[in-house]
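Quick notes on the structure that follows.
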Amino acid sequence: MKVLVIGGGGREHALAWKIASEKDVEKVYVAPGNGGTAVEEKCENIDIKGNEALAAFAKENGIDLTVVGPEDPLASGVVDVFENEGLRIFGPRKDAARIEASKAFAKEIMVAAGIPTAYYGEFTDYDSAIAYVKERGAPIVVKADGLAAGKGVTVAFTEAEAEAALKDIFHENVFGEAGSSVVIEEFLDGEEASYLAFTDGKTVLPMVSSQDHKPVFDNDKGPNTGGMGAYSPAPVVTDEIFDYATEKIAYPLIQEMQRRGITYKGIIYAGLMVTGDGVKVLEFNCRFGDPETQPVLSRMDSPITPIFEACIDETLNKAELIWSSEPTVCVVVASEGYPSSYEKGRPITGLDDANSIEGVKVFHAGTALKDAKIVNSGGRVLGVTARGQELGETIENAYKAVERIQLQGMHYRKDIGAKALRRLKG
Ligand code: AMP
Ligand code: GLY
C-alpha cells in the first residue's frame, strides 16, 4: 500500500512514522514533510503544493490512501478534490471542515446540538461588538471567526484588552477575511484537555485523552504558541468525563451535522475546558492536534490505516483500536525567539543520542535536511516523545533526551506533564 500524508509538522512526522510502521505499507510520501520524514524509513518528501497538484500526484503514483494533517487544505476542500478524482482520502470535506474554519458556525452547531459551551454573541461590526463587551464586562474572550493560524483568540482580562483586539480585527483588519466577523464569549475558568476521536459520520471511535501546553513559558506564563508539549493520558479527563465527551459532545456534533446534510468524516478534536460547572467545549478542530498527536499515536498499539479505511468506507462500527496503558510525554524544543521571530538554518545535533534512550522517539517539526545535516526551519523544531511505565519516569526520560540535543538558543518548557503528576499524587 502507498500512502500520502499532507503536511510538514510534528503531527505529520508522527502520522508518517505510525503509518510506515505497518507491514502492509510499502511507501509513505509526505508533502512537503520535514527533516524527520526525510530520513524516516519508507518515507519520502515531495515538494508539491495545492489541492489539484496533490491529487494529480496521487493519481499518477498509484496512491492508495491520503491522510491530511493541517486544517488549511481541509478548509479549502482538498478532500472534495480528491474524491472527485475517485481517490481515497481521510479527512472531512469542505462543508464539515467549517466546524474549525468558522467559529461562528461551530457555536451555532453547538447550540443547536445542545453541546455545552460558553455563552457568546456574534458580531460583524466594531460598534455592536464593543457594546457587547461593555455590557458583559471582563474577563471576556474575543475570537476572529475564521482560520488565523492559532492567533485569532484574545483572552481579555480587561475591557481595554478586548477593545484593542476588536480594533485590530475591525479597524486594522489584521486577520483579513478571517476577521470579518467575531465571536465574543464568556471566559471559562478551569483546566484544558484535548479529546480526539475518529468518525465516519455515524460512529465515533475515541482516541485516548491528552493535554497540550499552549503558553510559551513554565506555569502557563507568556504568550500562546502552537503548543509547547503534550502528554497522554490527561488525568483531568476522568472516565466519566471521557464518556461524557463521546456521548454528549462528539455524537451530538456528527448528528447535528447530518441533520444539515453534512456527513462528518475524519477527526473530531474537541478542545475541552473542565470547569467547576462541568465540561464545556472551547473549540472544535477538524484534524489531529499538534503536538497531541505525537504522544497519542505513541500509545496506539494497533495499526492506524485500517481505521482511516473504515472512516472512508463508513464501517467504523466494526473497527477496533488497541491502546497501551503506558503514559507518553512530548516536550517541544523551540527556536530561539519563538513564538516571535527566530533565525533559521541553525544545525541540530545529538538526535541519534536522544533517540537511543529506551522508549524515546524524537519527532521533527520545523526542521529541514540540508547538505546531509538537520537544521531548524520553523519555530517549533522537535517533539521529543517518551513512553514509559510510569509518568514520573517517562517525564524524566523525555527531558534526558532533550538534554542530549544541541541547537543554538533552543528553549523548551521544563514542566511538561507536571499538572498530571500533581493530580496523580493527589
Ligand atoms: P481556541 O482556538 O478557541 O481553542 O482558543 C485558544 C485558547 O484560548 C484556548 O486553548 C484557551 O486557552 C483560550 N480560550 C479560548 N476560549 C476560551 C474561553 N471561553 N475561556 C477561557 N479561555 C479560552
Ligand atoms: N494543539 C492545539 C491544536 O492542534 O490546535
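Ligands are counted one by one from 1 in listed order, and the atoms in each one are counted from 1 as well. One-based numbering along the sequence shown.
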Exercise. Should you measure from each heavy atom of Asn285, which atoms of ligand 2 turn up under 4.0 Å away?
Worked result: 5 (O)

Exercise. With sequence neighbours left out, what residues match Asp290 under side chain to side chain contact (heavy atoms under 4.5 Å, CB included)?
Worked result: Arg11, Gln294, Arg380

For this session: Just let me know how Arg11 lines up against ligand 2, side chain, backbone, both or neither, with a heavy-atom cut-off below 4.0 Å.
Result: neither

Exercise. Relative to the heavy atoms of Asp212, which atoms of ligand 2 are at a distance of less than 4.0 Å?
Worked result: 1 (N), 2 (C)

Exercise. Would you say the side-chain atoms of Ser194 and Asp212 include a donor-acceptor pair closer than 3.5 Å?
Worked result: no

For this session: Just let me know how Glu186 lines up against ligand 1, side chain, backbone, both or neither, with a heavy-atom cut-off below 4.0 Å.
Result: backbone

For this session: May I ask you to identify, for Val141, whether its side chain, its backbone, both or neither come under 4.0 Å of ligand 1 on a heavy-atom basis?
Result: side chain

Exercise. Between His13 and His364, how do the two ring planes meet: parallel, tilted or perpendicular, split at 30° and 60°?
Worked result: perpendicular

Exercise. Nearest to atom 16 (N) of ligand 1, what protein heavy atom do you find, and at what distance?
Worked result: Lys143 NZ, 3.0 Å

Exercise. Gly226 near ligand 2, heavy-atom distance under 4.0 Å?
Worked result: yes

For this session: Identify, for atom 5 (O) of ligand 2, the protein heavy atom at the shortest distance, and state residue, atom and that distance.
Result: Arg287 NH2, 2.9 Å

For this session: Inspect the contact between Glu336 and Arg346 and indicate whether a charged nitrogen and a carboxylate oxygen are less than 4.0 angstrom apart.
Result: yes

For this session: May I ask whether Gly227 has any heavy atom positioned less than 4.0 angstrom from an atom of ligand 2?
Result: no

For this session: May I ask you to check whether Tyr231 and Gln211 show a side-chain donor-acceptor distance below 3.5 Å?
Result: yes

Exercise. Do Phe123 and Phe170 make the cut of ring centroids closer than 6.0 angstrom?
Worked result: no

For this session: Could you check which of Thr117, Leu188, Val183 puts a non-hydrogen atom nearest to atom 20 (N) of ligand 1?
Result: Leu188

Exercise. Numbering the atoms of ligand 2 from 1, which are under 4.0 Å from a heavy atom of Gly289?
Worked result: 4 (O)

Exercise. Hey, is Lys280 one of the residues with a heavy atom under 4.0 angstrom from ligand 1?
Worked result: no

